[in-house]
Protein chains: 2
Amino acid sequence: MTAQMADKSYSPAASLEARTAWMAGRAEPLRAAGTVIQVAASREVFAEGGDTDVFYKVVSGVVRCCKFLSDGRRQIEAFHVAGDLFGFELGQERLLSAEAVSDCTLVSYRRRSIETLAQKDQTISHQLFQYAMQNLAQAQDHSLLLGRRGAAEKVASFLLGWAKLSADKRVLHLAMTRQDIADYLGLTIETVSRSLTQFERDGVIALPYSRQVKILNIDALEDLAA
Amino acid sequence: MTAQMADKSYSPAASLEARTAWMAGRAEPLRAAGTVIQVAASREVFAEGGDTDVFYKVVSGVVRCCKFLSDGRRQIEAFHVAGDLFGFELGQERLLSAEAVSDCTLVSYRRRSIETLAQKDQTISHQLFQYAMQNLAQAQDHSLLLGRRGAAEKVASFLLGWAKLSADKRVLHLAMTRQDIADYLGLTIETVSRSLTQFERDGVIALPYSRQVKILNIDALEDLAA
DNA sequence: CGCTTAATTGATCAGGGTCAATCGTGGTGG
DNA sequence: CCACCACGATTGACCCTGATCAATTAAGCG
């Protein structure tokens, strides 16, 4: 099931991370040990219940990690962008599934190998710990969003959060569909759409294309995010 | 602000953890380094924005960790019971606040000391890593609950989750108020109350006292949790 | 150019929130 | 000992946000 369009050994120089030094530096010590793979948009990287023998780092593209209820309802836990680790789990079985939102270049690492390395190299275990704690902090923020914010607040928060991950903080390119956004925010596509058009009517954003958002009034957007 | 009713050096033998071997064993290597404190019900242990120089383990009682929005809306991220670590954070400022739900006995650890110990003792860093990953998994489950489940499903899930933490899986003693449950589930007290009385009418639970829940039909409850 | 999938928009509905009254319980003091 | 009070919980009436259902428009793509 794991979509692998290419599979070759990883040369550090091949990485084209255009992120901040902090971001880019986060997983440095892992670099040498991985294998590059390509995953086409909407292909599955791994599935809930699968084996946890490998984990990944995003080189380029966007990945969504999500959970499903038995009846198909989906909750997207996080979108991962260049520099992010994902898919590391302690148990034997995966608790999340991961899919490529856009065409992605990933590096995969064998968990056993990294854990062996981590025994010796404290920087590696430290990276993984940072990874866990950052994801935890993000998941907790997300809970606040899901549990206590209204629809407009959710959408505004999402735009601001995505802006922080974007190179250009004023013109956002949404890699994901409205359905993805809805499943991330615990809403429906219709409500996401209506919130966006409302923001547009209010002059807070512009929507030249459905996947492009220009932030016209960031203060107003921050107010909307409450 | 940090409520400390007692403060003496910690004797490992004093701990009365009545939990599973796995739970009790989780934080063993930390034992020697802590200081016991007592916190009265509804007192704050630490506040959002505070210093992260100490973290805690619950010896007895229940602690809630939560976040607030500027207008006072609250989201409880987790309830912590005997054996759980809480309050460990990487940054300088706390992202969560913590309060005693019931009278609590806690052990506090200086973060710096533990981090120094962790440099040498791999089991300690391993404990902390486990702590982070478990909390992460729990937070992600919580997101699914908050984002995609209906009111009755939320309440049913909560009861089942609390049952797993309780000694007697059939007769639950709720340490927390309806408001706490509501803020944990992203609901209101009224909706929590209505769901419980509905479960009672349906013969799924009994409510002899408002803080005591007898699970009469656990299969039905599991079905309700979807 | 036509087909398919994504997104928007509108009309209606319902789940859960809000407001308000009542009940229950436990603590306090006359 | 019991009346009173305070606080938590329950219950009811009503409302509103966001979901659902449905139709239309827009955007990719072979």
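Below, chains carry the letters A, B, ... as their sequence lines are ordered, and counting in each starts from 1. Note that these values count all heavy atoms, side chains included, but never hydrogens, waters or copies made by symmetry.
- Residues forming a ring pair (Phe, Tyr, Trp, His ring centres under 6.0 Å) with A:Tyr184 (at least two apart in sequence, or on another chain): A:Phe79, A:His142, A:Phe158.
- Two end axes, each from the C1' atoms of five base pairs, can be drawn for the helix from C:dC1-D:dG30 to C:dG30-D:dC1; they diverge by 30°, to 10 degrees.
- Within residues 169-181 of chain A, the residues that place at least one heavy atom under 4.0 Å from DNA chain C are, in residue-number order, A:Thr177, A:Arg178.
- For A:Cys104 against A:Val63, the heavy-atom pair with the smallest separation is SG-CG2, 3.8 Å.
- Residues from residues 146-156 of chain A lying near DNA chain D, meaning a heavy-atom separation below 4.0 Å, are A:Gly150, A:Ala151 in numerical order.
- Remark: B:Arg148 pairs with A:Asp183 by the side-chain hydrogen bond (donor to acceptor under 3.5 Å, both in side chains) rule, at least two apart or across chains.
- In this structure A:Thr52 satisfies the side-chain hydrogen bond (donor to acceptor under 3.5 Å, both in side chains) test together with A:Arg111, sequence neighbours excluded.
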Tabulate below the donor-acceptor pairs under 3.5 Å that side-chain atoms of residues 212-226 of chain B make, not counting sequence neighbours, or state none.
from: B:Gln212; atom 1: NE2; to: B:His173; atom 2: NE2; distance (Å): 3.4
from: B:Asn217; atom 1: OD1; to: B:Asp219; atom 2: N; distance (Å): 3.3
from: B:Asn217; atom 1: OD1; to: B:Ala220; atom 2: N; distance (Å): 3.0

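- Between chain B and DNA chain C, the heavy-atom contact criterion of under 4.0 Å yields a 5' to 3' nucleotide range of C:dG16 to C:dA20.
- If you check residues 187-201 of chain A against DNA chain C, the residues with a heavy atom closer than 4.0 Å are A:Glu190, A:Ser193, A:Arg194, A:Thr197, listed by number.
- Remark: A:Asp168 engages no residue in a side-chain hydrogen bond (donor to acceptor under 3.5 Å, both in side chains) (not counting sequence neighbours).
- Here A:Ala137 pairs with B:Leu95 under the side-chain contact (heavy atoms from CB on, under 4.5 Å) rule; sequence neighbours left out.
- The shortest non-hydrogen separation linking B:Val107 to B:Gly34 is CG1-CA, 3.5 Å.
- Ring geometry for A:Phe55 versus A:Phe88: interplanar angle over 60°, hence perpendicular rather than tilted (30 to 60°).
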Seminar exercise, completed: Letter by letter from the 5' end, nucleotides 25-30 of chain D scores (B base, S sugar-phosphate only, - none; protein heavy atoms under 4.0 Å) ------

